[in-house]
Colleague: 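Starting off with a structure, shown below.
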Amino acid sequence: MSLRLTREARILKAREYAHIFKGGKIAKGKYWQVIAKPIKEPRPRLGLAISKKVYRLAVDRNRFKRIARETFRLGQQHLDNWGFVVMVRKSKPVRGHVLSAELLDLFKKVTKI
RNA sequence: GAAGUUGGUCGGAUAGUCGCUGGGCGUUCGCGUCGAGAGGAAAGUCCGGGCUCCAUAGAGCAAAGUGCUAGCUAACAGCUAGGUAUGGUGACAUAACGGAAAGUGCUGCAGAGAUUUAGACUACCCAUUUAUGGGAAAAGGUGAGAAGGUGCGGUAAGAGCGCACCGCGCGUUUGGUGACAAACGUGGCAAGGUAAACCCCACUUGGAGCAAGCUCAAAUAGGAUGGCAACGAUACUGCUCGUAUAAGCCAUCGGGUAGAGUGCUAAAGAGUUUUGGUGACAAAAUUCGUAGAUGAAUGACUAUCUAUUACAGAACCCGGCUUACAGACCGACUUCACUU
RNA sequence: GGCUGGGUAGCAAAGCGGUUAUGCAGGGGCCUGCAAAGCCUUAUAGACCGGUUCGACUCCGGUCCCAGCCU
């Protein structure tokens with residue numbers, strides 16, 4: 001498997017989001033919150049739900065989305081074939097690699113619950 | 001040299017690796033390759049337009065907005081140049097800056113008196129019966145605001161009562177496209193403030209917004225018409241005829257949900273030079289060809305440059321305004337100090 | 001992306017160009033053997049920054065925050 005992040009590896013439809021939110025496992029960290037559920041496809045998939053209420057500025061939201069996508073792209077070979085929806089929690093600004101490390105940890109933790 | 005005023009520019013760079021979104025070319029349809037890919041405010045949505053749909057004979061009223069003058073502009077509440085006022089030693093900055101003598105309203109408290117050709121608390125002058133009458137509007141006091149200011153004369157005390165200067169009003173002349181300014185003459189002074197209170201005057205404005213709108217268009221959703229079934233079923237009706245209704249099948253037609261496409265980026269475009277203009281700007285020549293996503297693209301890591309980079313992320317497109325902004329650079333000017 | 005409404009003590013909630021009501025909660029007192037209830041009393045308020053005005057919570061701009069509508 002390559003390090004590419006194609007559109008097939010993304011969750012794009014509202015119906016798919018609703019499916020994962022309903023009955024998905026939840027793992028909370030300091031900066032992130034991940035909801036996950038096993039899916040039929042032979043690959044892990046990523047969805048983003050970055051709320052405007054948590055981060056008001058578009059720049060902040062874009063930053064979290066980029067970090068989430070990059071973390072998923074580099075770590076997808078080691079993940080189970082689940083659908084992951086990533087949400088943010090309000091916190092003080094920190095360095096990017098701190099966020100990335102916690103998110104990867106949550107990805108692995110949520111499938112073990 | 002110090003302190004300032006003002007106009008403008010940039011706002012990480014280079015190399016490598018792994019990725020993201022369009023486009024061109026190739027393709028074994030897996031992908032490969034070439035080139036492109038956020039801002040000065042993309043922000044707030046405060047104005048003005050383009051564009052689209054709806055409404056609309058024409059005119060007026062209402063409502064809302066704007067408000068010194070002349071220009072610029074597609075348009076504007078913007079910009080430029082100027083006038084006036086205020087602040088600053090100055091460079092310069094700021095100003096919703098028409099009308100209060102068309103009318104109405106409001107003007108608390110304090111104060112004798114608050115908008116009326118005002119009034120008399122303390123205090124002043126005269127007279128007498130010593131607590132009254134008359135004069136006067138200078139002084140004190142109140143207030144945001146009290147019937148021009150300063151000086152001299154004058155008077156019982158006083159007063160634009162008279163005079164000079166200043167301020168104000170009115171008139172004339174001159175300069176200016178104009179706002180306005182200057183000079184001269186004249187009036188003894190006209191009656192507070194508020195129009196970001198109603199209002200008057202002048203000018204402007206139809207409404208909604210790309211989630212506008214246009215096109216295609218599923219179904220086990222659903223409408224209309226025609227045919228079939230049909231010597232059928234149900235109702236009128238106990239029976240026959242007749243009429244009506246519903247369900248079923250087929251065909252045609254239009255509407256249209258989910259969804260998809262389009263609108264969607266080449267434009268009041270940008271750079272350079274020349275010309276006109278004080279300037280905003282305009283004209284000509286020449287060069288360039290410049291994001292287009294839709295759970296929403298520009299990132300991550302490494303190395304070097306002193307280096308964890310300010311404010312901040314396009315969503316139909318432009319012109320402004322307002323607000324946020326680490327740091328760096330360039331131009332013009334002012335004041336003060338020192339040296340020559 | 002576009003379009004609306006709001007911000008007043010700790011909480012809720014009126015009104016107005018001239019000292020911001022009222023209720024609950026808080027402090028003190030009265031009442032009571034002690035409390036509750038009741039009564040008296042008291043402190044705490046205009047999101048922020050400018051402008052207009054003699055005077056602004058109110059009128060006019062700007063900023064921030066909250067809520068709602070258009071799918």
Side-chain angles (χ1 to χ4, degrees):
Chain A
M1 191 180 275
S2 71
L3 294 177
R4 291 175 57 89
L5 182 65
T6 55
R7 288 195 87 73
E8 287 75 36
R10 306 275 303 278
I11 299 168
L12 302 172
K13 297 261 169 58
R15 200 173 297 129
E16 297 171 324
Y17 274 90
H19 175 73
I20 290 171
F21 276 120
K22 191 177 175 185
K25 303 262 178 70
I26 300 174
K28 286 186 187 175
K30 198 172 174 186
Y31 312 107
W32 305 94
Q33 174 175 343
V34 176
I35 300 176
K37 200 176 185 182
I39 52 172
K40 290 168 190 157
E41 280 99 313
R43 60 157 70 82
R45 300 182 72 198
L46 175 71
L48 297 168
I50 311 294
S51 172
K52 207 173 193 174
K53 282 200 174 173
V54 180
Y55 288 102
R56 204 174 55 78
L57 294 178
V59 166
D60 293 335
R61 292 197 300 276
N62 282 348
R63 178 160 173 270
F64 276 89
K65 288 185 202 169
R66 283 179 188 135
I67 290 167
R69 275 195 295 266
E70 189 69 13
T71 306
F72 181 83
R73 184 177 74 81
L74 295 172
Q76 60 185 331
Q77 307 176 54
H78 310 293
L79 295 175
D80 297 332
N81 293 338
W82 285 37
F84 299 92
V85 174
V86 175
M87 302 174 76
V88 285
R89 313 187 73 195
K90 201 164 181 68
S91 62
K92 289 184 179 172
V94 291
R95 301 277 299 283
H97 63 82
V98 176
L99 296 172
S100 185
E102 195 205 83
L103 184 60
L104 196 61
D105 190 49
L106 284 174
F107 278 147
K108 291 178 176 170
K109 199 167 131 196
V110 72
T111 55
K112 305 278 191 298
I113 295 171

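Since this is a predicted model, take the numbers as computed values, not measurements. All chains are named by letter (A, B, ...) in the order of the sequence lines, taking the proteins before the strands, and each is independently numbered beginning at 1.
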Colleague: Measure CD1/I67(A) against P/rU308(B) and give the value in whole Å, please.
Modeller: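 Those two atoms, CD1 and P, are 18 Å apart.
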Colleague: How is R61(A) classified with respect to the nucleic acid when contacts are heavy atoms under 4.0 Å: base, sugar-phosphate, or nothing?
Modeller: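 Since no nucleic acid heavy atom lies under 4.0 Å of R61(A), the category is nothing.
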Colleague: For the base of rC18(B), is there a side-chain donor-acceptor partner from R73(A) under 3.5 Å away?
Modeller: yes
Colleague: Could you let me know what rA293(B) is paired to, Watson-Crick or G-U wobble, both distances under 3.5 Å, or none if it's on its own?
Modeller: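 The answer is none; no pair meets the criterion.
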Colleague: Please give me the minimum heavy-atom distance between M87(A) and I35(A), naming the atom from each residue.
Modeller: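 The answer is SD-CD1, 3.9 Å.
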Colleague: Can you tell me whether the base of rU265(B) sits syn or anti, using the 90° cut around 0 to define syn?
Modeller: syn
Colleague: Measure from CG on N62(A) to P on rG39(B) and round the result to the nearest Å.
Modeller: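 Result: 15 Å.
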Colleague: For rG30(B), does the glycosidic angle fall within 90° of 0 (syn) or outside that (anti)?
Modeller: syn
Colleague: Nearest whole Å is fine: how far is rG299(B) C1' from L48(A) CG?
Modeller: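 After rounding, the reported distance stands at 14 Å.
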Colleague: Within a 6.0 Å radius of atom NZ on K37(A), are there more than 12 heavy atoms belonging to other residues, nucleotides or ligands?
Modeller: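 Yes.
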Colleague: Tell me if rA38(B) is syn or anti. Syn = glycosidic torsion within 90° of 0, anti otherwise.
Modeller: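 Syn.
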Colleague: Is there side-chain contact between L46(A) and V86(A), with at least one heavy-atom pair below 4.5 Å?
Modeller: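 Answer yes - side chains close enough.
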Colleague: Under a 3.5 Å cut-off for both contacts, is rC305(B) paired Watson-Crick or G-U wobble with anything, and if yes, with which nucleotide?
Modeller: rG12(B)
Colleague: Between atom CG of L99(A) and atom CG of L104(A), what is the distance when rounded to the nearest 0.5 Å?
Modeller: 12.5 Å
Colleague: If pairing requires Watson-Crick or G-U wobble contacts with both distances under 3.5 Å, which nucleotide is the partner of rG61(C)?
Modeller: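 Because both required distances fall under 3.5 Å, rG61(C) counts as paired with rC49(C).
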Colleague: R63(A) CZ to rU298(B) P: how many Å, rounded?
Modeller: 14 Å
Colleague: Between G47(A) and V59(A), which residue's closest nucleotide on RNA chain B lies nearer the 5′ terminus?
Modeller: G47(A)
Colleague: Under the rule syn = chi within 90° of 0, otherwise anti, which is rU322(B)?
Modeller: anti
Colleague: Taking pairing as Watson-Crick or G-U wobble with both contacts under 3.5 Å, can you name the mate of rU17(B), or confirm there isn't one?
Modeller: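 Pairing partner, where one exists within any strand: rA300(B).
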Colleague: Who does rU335(B) pair with, Watson-Crick or G-U, both distances under 3.5 Å?
Modeller: rA2(B)
Colleague: Using the P atoms only, state how far rU245(B) lies from rU52(B), rounded to an integer number of Å.
Modeller: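 Going atom to atom, P in each nucleotide, I get 49 Å.
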Colleague: Does rC161(B) have a Watson-Crick or wobble mate here (both distances under 3.5 Å), and if so which one?
Modeller: rG153(B)
Colleague: Go through the N and O atoms of the side chain of R66(A) and the base of rG313(B), and report whether any donor-acceptor pair is under 3.5 Å.
Modeller: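 Such a pair is found, so the answer is yes.
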Colleague: Using whole Å, report how far CD of Q77(A) lies from P of rC18(B).
Modeller: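 Between P of rC18(B) and CD of Q77(A): 14 Å.
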Colleague: Rounded to the nearest 0.5 Å, what separation is found between the OG1 atom of T111(A) and the NZ atom of K25(A)?
Modeller: 8.5 Å
Colleague: Is there a Watson-Crick or G-U wobble partner for rU86(B) with both distances under 3.5 Å, and if so, which one is it?
Modeller: rA93(B)
Colleague: Who does rA268(B) pair with, Watson-Crick or G-U, both distances under 3.5 Å?
Modeller: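 Result: none.
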Colleague: Between W32(A) and F64(A), is the gap from one ring center to the other below 6.0 Å?
Modeller: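 So the answer is yes for these two rings.
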Colleague: On RNA chain B, compare the nucleotides closest to D60(A) and R69(A); which residue's is nearer the 5' end?
Modeller: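 Of the two residues, R69(A) wins.
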